[in-house]
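First the structure, in the form of structure tokens, and then the observations on it.
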Amino acid sequence: MKIEHTSNPSTQDIDFLTQQINRDTPDFGDSYPFAFFIRDDKGTIIAGCNGSVVFGVIYTDQLWVRSDYRKQGLGRALMDSVHEYGREVGCAMATAATMDFQDAREFYERLGYKSDFQRSGYVGKSHCIFLSRGL
């Protein structure tokens, strides 16, 4: 046996892990990824988010809006889609995480999220903020 490291894992390998975890925990539902994208007229991604549905909770891992499209409601539209999708698949809670230097905490709080806790130890003495809200 050998431990293999990759900084760019294939989606097939990640899907394999997800399938195995779901197979081992059938009484708790499934865990699986999701993503939403907004594209301009040329098909270029100008905003998007992704994350996972994890045993009845929808978790937004990444949210990004191209700088020249910010403050136009795209982030809110993406998160509205996340919340709607979460309700459709039976989630009772939505969670998100952001770094303090990203200045996104207030954005999530305007969407009804509350800070659950902060974890320090990141580069430059920064910290990660974990937030949640009911659906």
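Note: hydrogens, waters and symmetry copies are ignored here, and every other heavy atom, side chains too, is used. All residue numbers in this chain count up from 1 along the given sequence.
- For CD of Gln12, the number of neighbouring non-hydrogen atoms (other residues, nucleotides, ligands) closer than 6.0 Å is 12 at most.
- Phe36 and Val57 sit in two unconnected hydrophobic clusters of ILVMFWY residues. Membership requires side-chain heavy atoms under 4.5 Å apart, directly or through other members.
- Applying the ring pair (Phe, Tyr, Trp, His ring centres under 6.0 Å) test to every pair with at least one member in residues 43-76, sequence neighbours left out, gives no pairs at all.
- Across Ile46 and Leu74, no two heavy atoms sit closer than the pair CD1-CD1, 4.0 Å.
- Between atom OG1 of residue Thr18 and atom CG of residue Asp30 there is a gap of 10.0 Å, rounded to the nearest 0.5 Å.
- Of the possible polar contacts, one joining the Ser10 side chain to the Asp13 backbone as a donor-acceptor pair under 3.5 Å is found.
- One finds the CD atom of Glu106 at 12.0 Å from the CG atom of Leu111 (value rounded to the nearest 0.5 Å).
- Within a 6.0 Å radius of OH in Tyr122, more than 12 heavy atoms belonging to other residues, nucleotides or ligands are found.
- Counting heavy atoms of neighbouring residues, nucleotides and ligands inside a 6.0 Å radius, atom CZ of Phe101 exceeds 12 of them.
- Taking NZ of Lys2 as the reference point, atom CD of Glu4 lies at 7.0 Å (rounded to 0.5 Å).
- Ion pairing between a basic and an acidic side chain is recognised when a charged N comes within 4.0 Å of a carboxylate O; Asp68 and Arg66 show such pairing.
- Checked against side-chain contact (heavy atoms from CB on, under 4.5 Å), Thr6 has the following partners two or more places apart in sequence or in another chain: Asn8, Pro9.
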Test log, rule side chain to side chain contact (heavy atoms under 4.5 Å, CB included), inputs Ser115 and Arg105: CA-CA 8 Å; Ser115 177; Arg105 180 180 187 160; 3.2 Å; yes
Could you go through Met79 and Leu63, starting from their C-alpha distance and side-chain angles, then the distance that decides it, and tell me whether this counts as side chain to side chain contact (heavy atoms under 4.5 Å, CB included)? CA-CA 9 Å; Met79 292 307 295; Leu63 171 67; 4.2 Å; yes
Quick one, Ser31 with Asn22, criterion side chain to side chain contact (heavy atoms under 4.5 Å, CB included). Give me CA distance, side-chain angles, the key distance, then yes/no. CA-CA 6 Å; Ser31 176; Asn22 287 339; 3.6 Å; yes
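- Taking all atoms of both residues into account, the shortest heavy-atom contact from Leu131 to Asp116 is C-OD2, 3.7 Å.
- Taking the ring pair (Phe, Tyr, Trp, His ring centres under 6.0 Å) definition, one finds that Tyr113 meets it with His83, Tyr108, sequence neighbours left out.
- Closest non-hydrogen pair, Gly112 versus Arg133, comes out as O-CB, 3.4 Å.
- Here the closest heavy-atom approach between residue Thr60 and residue Cys49 is recorded as CG2-CB, 4.3 Å.
- A continuous path of Ile, Leu, Val, Met, Phe, Trp and Tyr side chains, each step under 4.5 Å between heavy atoms, connects Ile21 with Val54, placing both in one hydrophobic cluster.
- Under the salt bridge (charged side-chain N to carboxylate O under 4.0 Å, His left out) criterion, Asp103 pairs with no residue at all, not counting sequence neighbours.
- In terms of modelled atom types and a separation under 3.5 Å, the side chain of Asp100 and the main chain of His127 share a donor-acceptor contact.
- Cluster membership for Phe130 and Val53, using ILVMFWY side-chain heavy atoms within less than 4.5 angstrom, is not shared.
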Quiz: residues 85-96 side-chain donor-acceptor pairs under 3.5 angstrom, not counting sequence neighbours:
none

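- In this structure the side chain of Asn50 never reaches within 4.5 angstrom of the side chain of Phe34, judged on heavy atoms.
- Judged by distance alone, the side chain of Gln102 and the main-chain N or O of Met99 form a donor-acceptor pair under 3.5 Å.
- Scanning for salt bridge (charged side-chain N to carboxylate O under 4.0 Å, His left out) contacts around Arg76 gives an empty result, with sequence neighbours left out.
- Annotation for Leu78 and Gly48: closest pair CD1-N, 3.5 Å, computed over non-hydrogen atoms.
- With rounding to the nearest 0.5 angstrom, the CZ atom of Phe37 is 12.5 Å from the OG atom of Ser81.
- Residue Ile14 holds its CD1 atom at 10.0 Å from OG of Ser52, rounded to the nearest 0.5 Å.
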